[in-house]
Structures are given as structure tokens and as C-alpha cells.
Amino acid sequence: MTAPLEKDRTPKVTEREARQVAEAAREKDWRKPSFAKELFLGRLRLDLIHPHPLPSGEASRRGEEFLARLRTFCETRIDGALIEREARIPDDVINGLRELGALGMKIDTKYGGLGLTQLYYNRALALVGSASPAIGALLSAHQSIGVPQPLKTFGTEEQKDTFLPRLARTDISAFLLTEPDVGSDPARLATTAVPDGDEYVLDGVKLWTTNGVVADLLVVMARVPKSEGHPGGITAFVVEADSAGITVENRNAFMGLRGLENGVTRFHQVRVPAANRIGPEGAGLKIALTTLNTGRLSLPAMCAGAGKWCLKIAREWSAAREQWGKPVARHEAVGAKISFIAATTFALEAVVDLASQLADEDRNDIRIEAALAKLFGSEMGCLIADELVQIRGGRGFETADSLAARGERAVPAEQMLRDLRINRIFEGSTEIMHLLIAREAVDAHLKVAGDLIDPDKSLGDKARAGAQATAFYARWLPKLVTGPGHSPRSYGEFHPAGHPDLAVHLRYAERSARKLARSTFLAMSRWQGRMETKQGFLGRIVDIGAELFAISATCVRAEMLRVSGDHGREAYQLADAFCRQSRLRIEELFTRLWSNTDDIDRRVVDGVLAGRYEWLEEGIVDPSGDGPWIADATPGPSERENVHRPIR
């Protein structure tokens, strides 16, 4: 029935094999336009995002009604300080969210859900996340990457009818991909699902299973061995969390998000009906990546919410706190931080709302936009929180409970910083996001010239690729010389009378997009097959693209608010400030494309790994405990107590 269990079942794969697995899971076709894809090709296609798309009247009505109910719930039922102290979301709060319909925000009404748009779902996460980031994480993990989203896109009607009503009203779901020795390299996935008649038998260990401690349903990624009638490969399954053989062996604790129900889950001879397989065998990784196309938007949404809270605290505190005869906000060193917080928060909301509305309208391919939003939001959110802690001084480092104990307002600034830090790691670390986005950014180049740098291709393939590349670049390169960014009249609607000039920033973005494309082409010509090893360069290319996307989204949002008469003048001021700050960062990134320490950094790393600098570590003691760097994940029955506790 099942293959013998081996001591180490983590597949041994080469770097090339790992890349091939990841490449096979990519969405290779671009059936719809993409603003961000065009941006990396040197084209500022403002027509794809301007005028700013807006939700329908019915979507707005239903969304606003739910947000009003959710706000009342957050204000009256959620005690964020209690969750922080006890490191647990009270059961009655989760049950209240169930009654409110919050578990089914993104689930269609025909299955008992609320059927909210992506835009209002993200606004709801920003709202509830401001009350308790742990609750925001619970709801996001349940709906953004948990069982509902994969079923919505890839599930059968029978699966939807069976599971979605439960997920909309009562059941909490979790997503299980990561393993103790497998993170962003799914080619080494060790959990197996061996076919046995009308069932699969799961064995393996999953790490960092957000919601896994309290979940009722799991979406599990496991490797199906290839056999007769089974193509095999990484496959997705819906698994009942109380199935025999499942043990939640540990509830993990973190520096932030202390109410997070995240654990280690072991599968030992767990039988799963074949009817619970999502999609065909081998489609699991593609399902996971497709789910994240919109699922990633939940993190920057909560970062935008955090930015709003940081702005509120910075404004109130900096007006009340005086130093040297005037409020600290009036001192330039502090004022610059407040300006950064305000302008960047406006940009975060602009990026998230634009990407969300594009997802709702389904007129654009937003896989790059969503990834850029996650990258930009998680990085900027951390910077905003760090600046707030600095503005608050010693009080920023002090806990809310300690502040309250000595009679001051309980402001959890240090908690915000701790809670936001994980977003640079969750759902694709910054480093992985750089590589993922960079792969999409150079996709057009690889399609026409990829065979030229592929060592496995024949001379004939390379000759055909050469001819194809010559034709493509003969058409494309001349377009990178000049464009609307050089005309002082371009984007004139973004410079209305009495408002700051945003047109100048869009012209800069257009010129910079062409410069970015030229830089990418030059790098590919210079490094060819070694381009994928230049992760520092690729990361800066992506960061420039993220800033340009944010500039574009910010200008478009400001104009939309001006036209609607909703704080338009103030929006233009914030957009102008953000664009000017962003342009300084972009110029630095362009400089660092070619003037950097990448080569010497590699030599230092070689020395560190070779032990040549061990003398530098002398004079300290290491407080770390004993034990292996990576826990043993050998398959087999659990020897630990099951700490799974479903909420009833």
C-alpha cells in the first residue's frame, strides 16, 4: 500500500532541478494586459489604471454596511491588549466573528458568504487588523491562502458545495506548505501522498501552519509519487483537521502576533479521499502560486491600516510633546519623519486599493502588481512603525501595559513594530519576492532570447532564438530612447490650477521606466546566463519598479479624489510629497545598479563560511540553547501531545 519510510525523505535536487519545478508552476501566458509588466518593459501604460477604477454602487453599499458592523464589533468586542497579554484570541471573539460573517467575506453569497469584493475585503482586514493584528492574520490566512480561495478558482462544484458553506459560517482553514527543511524551495517537498484506491495516504511534517492549531479544514501540499495511472507531483488536498493520524505537535510563539495560532502539524498514515484533491496531480504548486496572486494583497492592506494608526499616534503625540519651547513636530528632524509616515501611508493605500480594484474588475493581469504591493507594503510598513517608535522616544520602546501602569496612555508602538516585522517574511520573503518579480520582469526577454543562454539548447535552437531576438530588439530598443516623459505637456490633467504639479512626477516615472528597461537589457547582455545569480542587481531593479508603480498609483488616486471632491487638494499635497521622497530613493537605486559592493560582499561571505573571521566572534558568550538547527521531521507516528483545539 505504501512505500517504506526512509530516515530522510527530503528529495535531493540540484539548483537547476529546483528552478525547473518553480518554472513549471509559473503562469506562463499573459492573456490580459498588465501595467507593471509594461512598466518593466519601459512603457508607462497609464491608460491601464487611469481613470482610477471604482467599485459598483451595489458592491460599495454591501461593503460599507459590513464595515460599519465590523467597526462596531472591533470597538466593543475586541481587546487587543488582552490578546497581546494572553497570547490568544478569546473563543467568544472568534465566535462573534463567525456570527458577523467575517469568515465568509470573500465567499460567494450562494454558499452562505458575504461575497465582498477584494477592495472591501482588504479594507475589512485593515480595520480589524488595527484592533488586533493577530485577528487580521487569522482571517487572512483563512480566506486569502486557506481552503476557500483555492476552491474558488480550482475546486469542483461538488467540493464547493461541500466545503464553502462550512468555511463561510463556522470552519477555520489553514494552508500547509512549509516544512522544517523546506521553505521557498518546493522541489524538496518531503510530505507524501501515496495513492491507495479511492484514497491517498499522507505522511510528513508541516511547519508554521498559521491557523493550524485551531483549524477545522486544511489545504495541504504533498508530493504524489509517479506510478501507473498517476502522473504524480506536488498536489493540493483538502484535509479534515480532526482526521486520524494528524497531530498538532506544537503551538509556536513569535516576537510579534502573539495571538497567532501557528503550529507544527504531523501527518502519519492520514487517509484522504481522492475526491478531496484540488485539481489534478502535479498542479499543487501552481494552485498555491495562483492563489497568492490576490491573496498577497491582504498583507499590504493591513500594512496600510497600520500606517494610518501610526499617523494618528504621530500626529497626536507630536503635537502634545514639547521640547525646547515648541511641539516636537515643529522640529525638522521629527517633522521629516511625520511627513514620511503621512505620505507613505497615502501611497500604501493607493497601491492596495488600485491593485484590489483591478483584481475585482478582472480586466488586467495583476500577478506582478500584487507582488509589488506585498513587497512595497511590507517594507514600508516596517519603516513607518520604526519611525513612530523613534518619534515616541523611550515611550516607543516601552510596552503599553507599562505605560498604563504609570499613568500614561497605553500606546502599543513597540508591539506594532514587532507585529509588522513578519510581513517581510510571510507569503514570500522580500528576497524571494525580488526573485519572483524579477523573473516576471524579464519574461519577455527570456521568451525571445532565452534559448541563447540555455546551455541545454542545440545550435539550431540558438540560431532560431538569435533571429527571433534580433527582430524583437530591433523593434523594442528604439522605443526606449524617447517618450512622453520628455514632453512638458504630457499628463497635463495631473496639474490642475491651484494644486501641486503631479504631471512632473509621471513624466519622471515614464522616463525612469525606459531607463529601467535599458538597464535590464544591458545587464542581460552583460551577464547572460549568469543574470539569475545577480540577486543584488535584480533586487534593485524590482525595488525601482515598485517605487514607480507606487508613484503612478499615488498620482492616479490623488486625481480620482480631486475629481470626486473628496479631500482632493490634500491628496495632491500628500502625493507630491510621496513622489519627491520616492524619486530620491529611485535615484539612489539606479546609482547602486552599477556602483555597489556586491562583488566584495561575496568575497566576505566566502571568508565567513570558510571560518577566516572566527576571531571576530571572540569575547562573547552565546545564550542559544542546544539542539539541531533544523528539527527532525522523519515521518512516523507522533510522540507528542496533540495541542489541536478547534473553536466551538
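The basis for the numbers below is simple: all heavy atoms, side chains too, and nothing from hydrogens, waters or symmetry mates.
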Donor-acceptor under 3.5 Å (Arg296 side chain, Glu427 main chain): yes
N-O pairing of Asp576 and Arg580 below 4.0 Å: yes
Nearest non-hydrogen partners of Ser339 and Gln581, listed with the distance: OG-NE2, 3.2 Å
Side-chain donor or acceptor of Thr533 paired with backbone N/O of Arg530 under 3.5 Å: yes
Ser519 to Phe590 - nearest heavy-atom pair and separation: OG-CE2, 4.2 Å
Between Thr291 and Gln149: side-chain donor-acceptor atoms closer than 3.5 Å: no
Pairwise side-chain contact, Leu176 with Met221, heavy-atom cut-off 4.5 Å (strictly under): no
Any donor-acceptor pair under 3.5 Å from Lys374 side chain to Ser429 backbone: no
Minimum heavy-atom distance Ala575-Ala558, with the two atoms named: CB-CB, 3.9 Å
Identified salt bridge (Lys or Arg N to Asp or Glu O under 4.0 Å) partner of Glu38 from the options Lys479, Arg514, Arg43: Arg43
Contact check, side chains of Ile391 and Ile341, non-hydrogen atoms, under 4.5 Å: yes
Euclidean distance, Met416 CE relative to Ile384 CD1, rounded to 0.5 Å: 10.5 Å
Parallel, tilted or perpendicular: rings of Tyr613 and Trp615 (30°, 60°): perpendicular
Ser140 side chain to Gly136 backbone, donor-acceptor under 3.5 Å: no
Whether Arg45 side chain and Ser34 backbone form a donor-acceptor pair below 3.5 Å: no
Arg562 side chain near His567 side chain, heavy-atom distance below 4.5 Å: no
Side-chain heavy-atom pair Ile422, Phe254 within 4.5 angstrom cut-off: no
Heavy-atom donor-acceptor pair, Asp365 side chain to Pro33 backbone, under 3.5 Å: no
Parallel, tilted or perpendicular: rings of Phe376 and Phe578 (30°, 60°): perpendicular
Considering all heavy atoms, the nearest Leu257-Ala137 contact: CD1-CB, 4.4 Å
Audit row: Glu510, Tyr491, side-chain hydrogen bond (donor to acceptor under 3.5 Å, both in side chains) steps and yes/no: CA-CA 10 Å; Glu510 195 278 336; Tyr491 313 111; 5.4 Å; no
Parallel, tilted or perpendicular: ring planes of His50 versus Phe494, cut at 30 and 60 degrees: tilted
Test item: side-chain donor near acceptor, Gln390 and Lys337, under 3.5 Å: no
Test side-chain hydrogen bond (donor to acceptor under 3.5 Å, both in side chains) applied to Glu379 and Thr430, step by step: CA-CA 8 Å; Glu379 290 291 322; Thr430 292; 2.5 Å; yes
Between CE on residue Met302 and OG on residue Ser378, distance to nearest 0.5 Å: 11.5 Å
Flag, side chain of Thr591 to backbone of Glu587, donor-acceptor distance under 3.5 Å: yes
Beyond-backbone contact of Arg583 with Ile551, side-chain heavy atoms, under 4.5 angstrom: yes
Spacing of CG belonging to Leu292 relative to CG belonging to Leu177, to within rounding of 0.5 Å: 9.0 Å
Any donor-acceptor N/O pair, Ser487 side chain to Pro484 backbone, under 3.5 Å: no
Atom pair CG/CZ of Leu506 and Arg511 - distance to nearest 0.5 Å: 11.0 Å
Residue pair Arg518 / Leu480: nearest heavy atoms and the distance that separates them: NH1-O, 2.6 Å
Result of checking Arg540, Arg592, Lys534 against Asp598 for side-chain hydrogen bond (donor to acceptor under 3.5 Å, both in side chains): Arg540
Between Asp353 and His52, a side-chain donor and acceptor under 3.5 Å: no
Check: Leu538 and Val542 side chains under 4.5 Å, non-hydrogen atoms: no
Exercise: identify the closest heavy-atom pair between Lys106 and Thr294: NZ-OG1, 4.1 Å
Gap separating the CD1 atom of Ile366 from the CG atom of Leu297, nearest 0.5 angstrom: 5.0 Å
Within 6.0 angstrom of Leu459 CG, more than 12 heavy atoms from elsewhere: no
Residues Ser356 and Tyr121: side-chain donor-acceptor under 3.5 angstrom: no
Arg421 vs Cys382 side-chain heavy atoms within contact, under 4.5 Å: yes
CG-CG distance between Leu589 and Asn596, expressed to the nearest 0.5 angstrom: 11.0 Å
Cation-aromatic face contact Arg367/Trp30, 6.0 Å, 45 degrees: yes
N/O donor-acceptor pair under 3.5 Å between Ser552 side chain and Leu548 backbone: yes
Short side-chain donor-acceptor distance under 3.5 Å, Ser298 and Gln143: no
Pair Tyr473 + His445: ring centers closer than 6.0 Å: yes
Heavy-atom check, side chain of Phe340 versus side chain of Met380, under 4.5 Å: yes
Under 3.5 Å: donor-acceptor pair, side chain of Thr235, backbone of Arg223: no
